[in-house]
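Remember, it's a predicted structure, so these values are computed and weren't measured experimentally.
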Amino acid sequence: CVSPDGQRAVTHYERLLVGKSSSLARINLETGRTHQIRVHFSYIGHPLEGDDLYGGRRDLICRQALHCGCVEFIEPMSGKLIKVEAPLSEDIKCIFK
């Protein structure tokens with residue numbers, strides 16, 4: 001939960017698409033707390049679709065509507081930047097059709 005005496009957790013987001021009842025957002029995390037995205041979005045009144053534990057509804061999707069579209073990291077042996085991308089899944093796309 002969000003609490004004044006809790007550990008620091010920082011989530012940055014940008015709305016990319018606004019639908020009738022849902023928005024698609026790009027999220028960047030400064031910290032990596034357990035359930036951070038789910039807790040923060042529920043706290044601001046916008047729980048994730050499919051996340052009934054934190055107030056989301058399950059009529060449009062039967063799982064948490066989370067998707068890792070891109071992750072970047074430095075490969076420790078070579079020092080090279082590795083970037084992995086994945087397209088948005090069909091069940092999440094259907095939310096906006």
Give a yes or no on whether the backbone of [Y] and the side-chain of [X] come within a donor-acceptor separation of less than 3.5 Å.
| X | Y | value |
| --- | --- | --- |
| E49 | L60 | no |
| H67 | A86 | yes |
| S23 | A25 | no |
| S42 | P47 | no |

Any link between [X] and [Y] through a network of hydrophobic side chains (Ile, Leu, Val, Met, Phe, Trp, Tyr) touching at under 4.5 Å?
| X | Y | result |
| --- | --- | --- |
| I37 | L53 | yes |
| L66 | I44 | yes |
| V18 | F96 | no |
| Y13 | V10 | no |

Does some side-chain heavy atom of [Y] sit less than 4.5 Å from a side-chain heavy atom of [X]?
| X | Y | value |
| --- | --- | --- |
| E85 | C68 | no |
| I92 | R63 | yes |
| L81 | E72 | yes |
| Q36 | R38 | no |

Hey, what do you get for [atom1] ([X]) to [atom2] ([Y]), rounding to the nearest 0.5 Å?
| X | Y | atom1 | atom2 | value |
| --- | --- | --- | --- | --- |
| H12 | L29 | NE2 | CG | 9.0 Å |
| R26 | C70 | CZ | SG | 9.0 Å |
| L48 | Q64 | CG | CD | 7.0 Å |
| H40 | H35 | NE2 | NE2 | 13.0 Å |

Exercise. For E30, does the CD atom have more than 12 heavy-atom neighbours from other residues, nucleotides or ligands under 6.0 Å away?
Worked result: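 Yes, the 6.0 Å shell around CD holds more than 12 heavy atoms from other groups.
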
Exercise. Taking the six-membered ring where the residue is Trp, are the ring centres of Y54 and F41 under 6.0 Å apart?
Worked result: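 No, ring centres 6.0 Å or more apart.
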
Exercise. Are T11 and R33 linked by a side-chain donor-acceptor pair shorter than 3.5 Å?
Worked result: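 Side-chain D/A pair, T11 to R33: absent.
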
For this session: Search all heavy atoms of A65 against all heavy atoms of I95 and return the closest pair with its distance.
Result: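 Heavy atoms of A65 and I95 come nearest at CB-CD1, 4.2 Å.
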
Problem set entry | Test side chain to side chain contact (heavy atoms under 4.5 Å, CB included) applied to S22 and H46, step by step | CA-CA 9 Å; S22 302; H46 299 285; over 6 Å; no

